[in-house]
Student: 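Submitted below is the structure of interest, expressed as structure tokens.
What you see below is based on every heavy atom in this structure, not just the backbone, and it leaves out hydrogens, waters and symmetry mates. Residue numbers start at 1 and run along the sequence shown. Remember, it's 1-based here, ligands and their atoms both numbered in the order they're listed.
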Amino acid sequence: MSDIRHDWRRAEIGALFDQPFNDLIFQAQTVHRRYFDPNSVQVSTLLSIKTGACPEDCKYCPQSNRYDTGLESEQLMEVERVLERARAAKAVGATRFCMGAAWRSPKQRDMGSVLAMVEGVRELGMETCMTLGMLTAGQARQLADAGLDYYNHNLDTSPEYYGEIITTRVYQDRLDTLRHVRDAGMKVCCGGIVGMGENAADRVGLLRQLANLPAHPESVPINQLVRIEGTPLADSEDLDPFEFIRTIAVARILMPASHVRLSAGREAMNEQMQSLAFLAGANSIFYGEKLLTTANPPANEDLALFAKLGIEPEPVHPRRPDLNSDRFAPTRIAPG
Ligand code: SAM
Ligand code: DTB
Ligand code: SF4
């Protein structure tokens, strides 16, 4: 039976979580080795191309205009400034450049600049990713035609907990955007946030939604909440670190061929915790001193950790001329 499945039941996922820790990590590592080089980690650099003043009410977010987080808003950056930052990211070894905007959805008047950013970053030989909020089918096609490789749009949490976190759009809106991205032929980057006061069943529910999408997202960011003063989640309780690692391991088992990204929250993790996440099957990180608006570990610290662990940054996947045939095709590492 193929281990790429889209029919996971809650009880099965719960049973994966509830195994003894060592059994879970062994299973995740075994799956990981069937699909990936275990000593290779993909590195993406993030840039906020439009910051703050967002009309949405996501309770975790420093960029929502509903909360006083002290963040200074910035208008959409000029294309050339974005390309300068992409060149700098490439110079220190990033292979994918992810551009994020604090929008509910892009306005048509902004699409020209956004498309020029995609084309410019692509010309540098980097993979491109954008996260701009909800997309119409037409906007997804425009981005795909400009050569955008990945679109990031997170489900964030389980359908059951979602209403506690965001009220300005519904779960189905997110699923609709993901469908438009897929239909346009782009790769999907989709994950969520843990540590928002959700319970274990919500973490099961989030991973089940991701794994039971018609196709697994090629990239699955698992964010640990970065607590932001002024947001309603500022005083959320710490998630047990082992529960975080279990979430990574279960994501790896459910979506064996996807890159699982150890995303926001690394600033609060020591080297041992990050190493456990890699052992549990994480094989991608955000690289560079800033995420969108908050701190990320400095690049030299990440490179030092990679060197200690014998990890190599993953090279860019070669592009094929036909975008629609450019589906992620991981190299199978022969077991044994
Ligand atoms: N505005 C667009 C949207 O929400 O779709 C794109 C940018 S938004 C900042 C991208 C993602 O960042 C969110 O979906 C959320 O998962 C993550 N994020 C935002 N604030 C975070 C925080 N404080 N901690 C962890 N992840 C966060
Ligand atoms: C994702 O899943 N995490 C990134 C990226 N996709 C866009 C964003 C993390 C944001 C953390 C809070 C901040 O820096 O503003
Ligand atoms: Fe806006 Fe995105 Fe932040 Fe939600 S997560 S408030 S949509 S920037």
Student: May I ask you to identify the nearest protein heavy atom to atom 6 (C) of ligand 1, giving residue, atom name and distance to one decimal place in Å?
Tutor: Thr131 OG1, 3.2 Å
Student: What protein heavy atom is closest to atom 18 (N) of ligand 1, reported as residue, atom name and distance in Å?
Tutor: Tyr60 CE1, 3.8 Å
Student: To the nearest 0.1 Å, how far is atom 26 (N) of ligand 1 from its closest protein heavy atom, and which atom is that?
Tutor: Ile193 CD1, 3.5 Å
Student: In terms of atom number and element, which parts of ligand 2 are under 4.0 angstrom from non-hydrogen atoms of Pro221?
Tutor: 2 (O)
Student: Quick one: look up the protein heavy atom nearest atom 24 (N) of ligand 1 and list residue, atom name and how far away it is.
Tutor: Val226 N, 3.0 Å
Student: Under 4.0 Å from atom 20 (N) of ligand 1, is there at least one protein heavy atom?
Tutor: yes
Student: Using a strict 4.0 Å threshold on nitrogen-to-oxygen distance, state whether Lys50 and Asp110 make a salt bridge.
Tutor: no
Student: Decide whether an N or O pair under 3.5 Å exists between Gln63 and ligand 2.
Tutor: no
Student: Looking at ligand 2, is there an atom of it that comes within less than 4.0 Å of some heavy atom belonging to Pro62?
Tutor: yes
Student: Decide whether the shortest distance between a heavy atom of Arg169 and an atom of ligand 3 is less than 4.0 Å.
Tutor: yes
Student: Provide, to 0.1 Å, the distance between atom 1 (Fe) of ligand 3 and the closest protein heavy atom, together with that atom's residue and name.
Tutor: Cys54 SG, 2.3 Å
Student: Could you check atom 11 (C) of ligand 1 against the protein and tell me its nearest heavy-atom contact, residue, atom and distance included?
Tutor: Asn154 ND2, 3.8 Å
Student: Determine, for Glu84 against Arg81, whether the closest basic-nitrogen to carboxylate-oxygen distance falls under 4.0 angstrom.
Tutor: yes
Student: With heavy atoms under 4.0 Å as the rule, classify the contact between Leu46 and ligand 2 as side chain, backbone, both or neither.
Tutor: side chain
Student: Strictly under 4.0 Å, does any heavy atom of Tyr60 approach an atom of ligand 2?
Tutor: no
Student: Applying a strict 4.0 Å limit to heavy atoms, is Val226 in contact with ligand 2?
Tutor: no
Student: Show which atoms of ligand 2 fall inside a sub-4.0 Å distance from at least one heavy-atom site of Asn154.
Tutor: 1 (C), 2 (O)
Student: So, are Arg96 and Asp149 salt-bridged, with charged N and O less than 4.0 Å apart?
Tutor: no
Student: Check ligand 1 against His153 and write out every atom of the ligand that is under 4.0 Å from a heavy-atom position of the residue.
Tutor: 5 (O)
Student: Salt-bridged, Glu289 to Arg85, with N to O below 4.0 Å?
Tutor: no
Student: With a cut-off of 4.0 Å, which atoms of ligand 1 are near a heavy atom of Ala264?
Tutor: 25 (C)
Student: Taking the side chain as C-beta and beyond, is there a heavy-atom pair between Ile245 and Met273 under 4.5 Å?
Tutor: yes
Student: Counting backbone and side chain alike, does Cys61 bring an N/O/S atom below 2.8 Å of atom 1 (Fe) of ligand 3?
Tutor: no
Student: State the atoms of ligand 2, each with its element, that fall below the 4.0 Å cut-off from a heavy-atom position in Asn152.
Tutor: 6 (N), 7 (C)
Student: With a 4.0 Å heavy-atom cut-off (strictly under), which part of Thr131 contacts ligand 2: side chain, backbone, both or neither?
Tutor: side chain
Student: Taking only Lys NZ, Arg NE, NH1 and NH2, and the carboxylate oxygens of Asp or Glu, determine whether Arg5 and Glu12 approach each other closer than 4.0 Å.
Tutor: yes
Student: Show me which atoms of ligand 1 lie under 4.0 Å from any heavy atom of Trp103.
Tutor: 1 (N), 2 (C)
Student: Could you check whether Glu160 pairs with Arg10 (Lys NZ or Arg NE/NH1/NH2 to Asp/Glu carboxylate O, under 4.0 Å)?
Tutor: yes
Student: In plain terms, say whether Glu218 and Arg182 are close enough for a salt bridge, that is, a side-chain N and a carboxylate O under 4.0 Å apart.
Tutor: yes
Student: Considering Gly195, Ala101, Gly100, Gly133 one by one, which has a heavy atom nearer to atom 7 (C) of ligand 1 than any of the others?
Tutor: Ala101
Student: How far is atom 8 (S) of ligand 1 from the closest protein heavy atom, and which atom is that?
Tutor: Leu292 CD1, 4.5 Å
Student: For Tyr151 together with His180, are the ring centres under 6.0 Å from each other?
Tutor: no
Student: Check whether any N or O atom of Leu292, backbone or side chain, sits under 3.5 Å from an N or O atom of ligand 2, and answer yes or no.
Tutor: yes
Student: So that I can check it, does any N, O or S atom in Cys58 come closer than 2.8 Å to atom 4 (Fe) of ligand 3?
Tutor: yes
Student: Which atoms from ligand 1 have a heavy atom of Arg169 less than 4.0 Å away?
Tutor: 3 (C), 4 (O)
Student: Students should be able to answer this: which protein heavy-atom is nearest to atom 16 (O) of ligand 1, and at what distance?
Tutor: Asp156 OD1, 2.8 Å
